[in-house]
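Notes follow the structure.
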Amino acid sequence: MVHRIADVAEAGGLMGMGSGRFFGFVIGGAVPASLAADWLVTAWDQNTGLFAPSPATSVMEEIAGRWLVGMLGLPEHSSFAFVTGGQMANTTALAAARHHVLAAAGWDVELDGLAGSPPIRLVVSDEVHVTVPRGARLLGLGTRTIEKVAVDANGAMIPSDLERVLSEGNAGPTIVCCQAGNINTGALDPTGELADIAHAHDAWLHVDGAIGLWAAASRPSPLLGLERADSWSTDAHKWLNVPYDCGITICRHPDSHRAAMTVTASYLVQAAPGTDRDPVDWNPEFSRRARGVPVYAALASLGRSGVAEIVDRCCAHARRFAELLAVEPDVVVLNDVVLNQVLVRFLAPGGSEEDHDARTCAVIAAVQSNGTCWLGGSIWRGLAVMRISVSNYATTDADVEASVASIISAARAAAIPV
Ligand SMILES: Cc1ncc(COP(=O)(O)O)c(C=O)c1O
């Protein structure tokens, strides 16, 4: 069905996703410097696949990547790539991992493909984000043999269960994917412990940190253990608050990263290895916009302390949502609010789980139509929940208070008789 643009535009065809009162999905706004830089990227219209034709944008991206690696406390020598989003950041990291674990088994996947290769075990948590299996599909690993590790009550991977899964299966090329920032609860997997276990089994550990890698800007690295993994992905267009599209892959093993991505052609002007940085060596894209430049601008304007401050402020707002809502009768916060995500369920007193589901969905719909703020729903452990994600740098205390008032008034109006 093809809609008329005027019809959909007039009927709420654009959402206020950049607003400090937008709490749906995991959507950041755009800090002013990054928005201006994004306009410049469009106006300059530089193809930033190679250094030679666009040294200025290439160098800005290189500096931004180095700053990120330092700010997140990851190994200094790590390589990186600015890709379109978390999906491609995960896929690029998995491609590097695929190269690395197969090379260790004596197989050149770039040359020989996967037909006849040693099988790769892909081990993920029960709470894996859908983009990891999709990455496995794109890379020819498939999803049928994916092995799942159990999670705790807040959705974080349980290290002892990873040990069990790895010990029970065959040794051989293995990639483990954990996450920093569960899409529903915000839970951070215990990466340090998981890295020790994965490495004891010669496995590669990837961290899908689309949401939560940014926590490393404010929390001491050893606490999270993030720096002990082999690769990381994150989204600048989420919590760093730069415009779409901007995801980032970071890799502890630059040789494997480069081997998985690099490409040459006679007409290209390519730098000799170890000299200037050609993005095409690290990215799955060939021609590309200079999407790292808004990251450069965001980091230059915020500094490390500014990024940490956004993370801390959003987490404090999330805790405030939880506190204010949990004191209402028949309103329960289902998750441990360890990051910026809050899951809320609205009970129908004396009712069944279906009644609670119905009331929860009614409250979400009422808040959405009221317009004070926007948030969505999800299913957590089979139960309907309201899902609040505080990812915008501009959200104020007053925004939280007004949004809570709107939620409470919707909840009071949606008391479903049972
Ligand atoms: C944990 C996690 N991984 C990956 C993604 C995919 O990111 P993107 O939508 O930028 O491709 C998301 C998106 O919400 C996510 O939450």
NZ/NE/NH1/NH2 to OD/OE distance under 4.0 Å, R345 and D357:
yes

For the atom pair SG (C178) and NE2 (H206), what is the distance rounded to the nearest 0.5 Å?
8.0 Å

Check whether Q270 reaches the backbone of L268 with its side chain - one donor and one acceptor, N or O, closer than 3.5 Å.
no

Does a side-chain heavy-atom distance below 4.5 Å link R319 with V390?
no

Would the number of heavy atoms belonging to other residues, nucleotides or ligands and lying under 6.0 Å from CD of E76 be above 12?
no

Mutual orientation of the aromatic rings belonging to H253 and W204 [parallel < 30°, tilted 30-60°, perpendicular > 60°]:
tilted

Do N241 and S34 have side chains that get closer than 4.5 Å, going by heavy atoms?
no

Y244 atom OH, over 12 foreign heavy atoms within 6.0 Å
yes

Identify the heavy atoms of L343 and T185 that sit nearest to each other, and give their distance.
CD1-CG2, 3.8 Å

I want to check something: taking the side chain as every heavy atom from C-beta on, are V242 and R291 in contact at a cut-off of under 4.5 Å?
no

Please determine whether the number of non-hydrogen atoms from other residues, nucleotides or ligands lying under 6.0 Å from atom CZ of F22 exceeds 12.
yes

Measure the shortest side-chain to side-chain distance between F82 and R288 over non-hydrogen atoms and say whether it is less than 4.5 angstrom.
yes

SB check E227 R252 (cutoff 4.0 Å):
no

Would you name the heavy atoms of I248 and A236 that are closest together and state the gap between them?
CD1-CB, 4.0 Å

Under a 4.0 Å threshold between the charged nitrogen and the carboxylate oxygen, would R289 count as salt-bridged to D38?
yes

Sub-4.5 Å side-chain heavy-atom contact between Q179 and V128
no

Spell out, as yes or no, whether a donor-acceptor pair under 3.5 Å connects the side chain of H100 to the backbone of A96.
no

If you define the side chain from C-beta out and look only at heavy atoms, does anything of H317 sit under 4.5 Å from D397?
yes

Give a yes or no answer on whether the side chain of D208 reaches the backbone of A210 with a donor-acceptor pair at less than 3.5 Å.
yes

Is H201 reaching over with its side chain to a backbone N or O of A203, donor-acceptor style, under 3.5 angstrom?
no

Spacing of I197 atom CD1 and S160 atom OG [to the nearest 0.5 Å]:
7.5 Å

Ignoring hydrogens and angles, tell me if any N or O in the side chain of R359 forms a donor-acceptor pair with the backbone of A414 under 3.5 Å.
yes

Determine the minimum heavy-atom distance between P243 and H237, stating which atoms define it.
O-CB, 3.8 Å

Shortest non-hydrogen separation from N47 to F286 and the atoms involved
OD1-O, 4.3 Å

Selection residues 116-137 - residue pairs positive for salt bridge (Lys or Arg N to Asp or Glu O under 4.0 Å), sequence neighbours left out
R121-E147

Could you go through R387 and V26, starting from their C-alpha distance and side-chain angles, then the distance that decides it, and tell me whether this counts as side chain to side chain contact (heavy atoms under 4.5 Å, CB included)?
CA-CA 10 Å; R387 188 175 162 287; V26 183; 3.3 Å; yes

Please determine whether ring-ring contact (aromatic ring centres under 6.0 Å, His included) holds for the pair F80 and W232, giving the CA-CA distance in whole Å, both sets of side-chain angles, and the decisive distance to 0.1 Å.
CA-CA 9 Å; F80 51 85; W232 305 264; over 10 Å; no

Please check this pair: side chain of T249 against backbone of A89, looking for a donor-acceptor N/O pair closer than 3.5 Å.
yes

Only pairs at least two apart or in different chains count here, so list each salt bridge (Lys or Arg N to Asp or Glu O under 4.0 Å) that has a residue in residues 294-317.
E309-R313

Tell me if a side-chain donor or acceptor on W282 pairs with a main-chain N or O of P254 at a distance below 3.5 Å.
no

Exercise: identify the closest heavy-atom pair between A198 and L166:
CA-CD1, 4.1 Å

Is it the case that the side chains of D255 and H99 hold a donor-acceptor pair, with the cut-off being a distance below 3.5 Å and no angle test?
no

Could you tell me whether the side chain of N182 and the main chain of N184 form a donor-acceptor pair under 3.5 Å?
yes

Can you tell me if Q341 and S389 form a side-chain donor-acceptor pair at under 3.5 Å?
yes

Residues that R4 engages under salt bridge (Lys or Arg N to Asp or Glu O under 4.0 Å), provided they are two or more places apart:
D7

Do we see a donor-acceptor contact under 3.5 Å between the side chains of H257 and S79?
yes

With a 3.5 Å distance limit and no angle check, can you tell me whether R320 reaches the backbone of V400 through a side-chain donor-acceptor pair?
no

Using 0.5 Å steps for rounding, measure from the CG atom of D161 to the CG atom of D152.
11.5 Å

So does G16 get a backbone contact from the side chain of R21, meaning a donor-acceptor N/O pair under 3.5 Å?
no

Roughly how far apart are L138 CG and T92 OG1, rounded to 0.5 Å?
10.0 Å

pair V295-C246: side-chain heavy atoms closer than 4.5 Å:
yes

Does the pair V59 and F51 meet the rule for a side chain to side chain contact (heavy atoms under 4.5 Å, CB included), with working shown?
CA-CA 8 Å; V59 170; F51 177 93; 3.6 Å; yes

Given T48, which of D278, N283, T57 fulfils the side chain to side chain donor-acceptor pair (under 3.5 Å) condition?
T57

Might you point out which heavy atoms bring N392 and C314 nearest each other, and give the distance in Å?
O-SG, 3.8 Å

From L72 CG over to L226 CG, what is the distance, rounded to the nearest 0.5 angstrom?
8.5 Å

Got R277 and S58 here, is their nearest side-chain heavy-atom distance under 4.5 Å?
no

Evaluate I388 against I407 for side chain to side chain contact (heavy atoms under 4.5 Å, CB included), listing each step before the verdict.
CA-CA 11 Å; I388 303 168; I407 296 168; 4.2 Å; yes

Show your working on side chain to side chain contact (heavy atoms under 4.5 Å, CB included) between E61 and Y296 and close with a plain yes or no.
CA-CA 7 Å; E61 287 201 329; Y296 171 84; over 6 Å; no

Going from CG on L383 to OG on S378, what distance comes out if it is rounded to the nearest 0.5 angstrom?
11.0 Å

